[in-house]
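These notes concern the structure reproduced below.
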Amino acid sequence: MEIQDTAKPRLAGKARLKWDATREKNLLLFPEGVLILNPTAHAVLALCDGERDITGISKILGEQYQTEGIQKDVKEILQRLVEKRLVEV
Amino acid sequence: METPRPFSLLCELTYRCPLQCPYCSNPLDFARHTTELTTEEWKRVLTEAAMLGVVQSHFSGGEPLVRKDVVEIIGHAHEQGLYTNLSTGGTLLNEKLAEQLRAAGLDSLQVSIQDSDAVNSDRLAGGAPSFEKKIHAARIAKEAGFPLTLNFVLHRQNIEHIGAIIALAEELGAERLELANTQFNGWALKNRMVLLPSRTQIEAAAEIVHAAQKRLKGRMEILHVLPDYFEQFPKPCLYGWGRVFMTVAADGFVLPCQTAREIRGMKFANVREGSLEEIWFRSEAFCKFRGTDWLPEPCQSCPRKETDFGGCRCQAFLLTGDATATDPVCSLSPRHEVIARALAEAGSAGSEQMIYRNPGESLKNLAANI
């Protein structure tokens, strides 16, 4: 199932974001697993509060990073995490 | 290369357990290790682990819920910023305890069940009724709001029920289902004749699991761990010895792997004698097989050496007598014939008699270490 621009993503109950001070990386933790997040993925996930939709998240990031056309990347990142059931829409 | 820091700590809070599963991963001589770490010692271990770089903590046993301080210990792990998993047999879980665990910050709960068939599940767990309590525990965990994982260890005595096992997990609303075939170390190796499935059984089960994975995609994650006896190459033992994982056993010994105590002659350090950091970076056991420099041939010149790290050290020791040997499940191992022989013998005992994991049976085994 492809996620829509109007979807309002939030982290799954089992997943937690964590700043790893030892490795200086942002992590996504879940049962028996760890994802080391790149800065973009972390920025996207930090905005997933179940209130903002994908268009809204992309707009904020576009302004923050002064780039256009970021929505496609945002959707790709979220699509992968939805498939892993770490993000719910 | 710089030594990596561990991501994951397994805390085997106790070796005590009301169940007696014949494939238990605890050491054969578990009943000789009765001096459990205290609450304060576990808290110190968890504080040190977080400082060392651990981000995942996993609490198991034995049965971790036999400890009265389990909520306090998990609460402390949570306060250190660790993700917390609890793996229980379920028979001691009740509503109040589930709520206390939730309030303490437990992130994820796993209940192990021996089979979808109640009679067989009880038989595999040692005889006393436990199946109904496990089902009840799974429901309690769901009601308390936990993401529920169900664990089934697969073997000759339950693998043909795989369809019913998946259906049971669906009915109980599990988020995750772990279908791990038995790893034949320790107790499972003792019972291998009765537990090792046939290739036909493995293939039939794999087909059912694949179909279910497809059907349940996005609803229930199914992790299927195949038995390495049927594979061409070994499992990547721990994703590298002393690289990602560490285990602290009930009595405080720090193990690179929960079954490492099977390796006779290997010396382990204890958290009562040193910090977790010293033990991780400098103890004999952790340094012994770290990296790939120690690998024998044919591993040393093998293009897969960074993929599977020579396979499982415990299995190499148990099946060849030499912990530095290539894991004999590898088709390139000079000792691979021991696997073929085991496969040929499996199921030929003509009996379903198993040696159960209990203190009486345990004490028949000589102390392996320390």
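In the text below, chain A, chain B and the rest are named by the order of the sequence lines, each starting its count at 1.
Looking only at distances, no side-chain donor or acceptor of Glu221(B) sits under 3.5 Å from a matching main-chain atom of Arg85(A).
Listed here is the closest heavy atom pair of Gln56(B) and Glu32(A): NE2-N, 3.6 Å.
Contact annotation: the side chain of Ser108(B) never approaches that of Phe30(A) to less than 4.5 Å [non-hydrogen atoms, C-beta and beyond].
Residue Gln110(B) touches chain A through its side chain alone, counting heavy-atom pairs closer than 4.5 Å. For Leu52(B), the part lying under 4.5 angstrom from a heavy atom of chain A is the backbone only. With a 4.5 Å cut-off on non-hydrogen atoms, Arg176(B) touches chain A through its side chain but not through its backbone.
If you tally non-hydrogen atom pairs under 4.5 Å between each of Gly53(B), Ser8(B), Pro147(B) and chain A, the highest count goes to Gly53(B). Most heavy-atom pairs under 4.5 Å with chain A: of the set Thr149(B), Thr84(B), Leu82(B), this distinction falls to Leu82(B).
Using a 4.5 Å cut-off between non-hydrogen atoms, the part of residues 13-23 of chain A that approaches chain B consists of Lys14(A), Arg16(A), Lys18(A), Asp20(A), Thr22(A), Arg23(A).
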*Hey, mind stepping through Leu29(A) and Phe7(B) against side-chain contact (heavy atoms from CB on, under 4.5 Å) and telling me if it holds?*
CA-CA 11 Å; Leu29(A) 304 174; Phe7(B) 277 94; over 6 Å; no
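Here side chain to side chain donor-acceptor pair (under 3.5 Å) pairs that include residues 47-63 of chain A, with residues two or more places apart or in two chains, are Asp49(A)-Arg52(A), Thr55(A)-Gln71(A).
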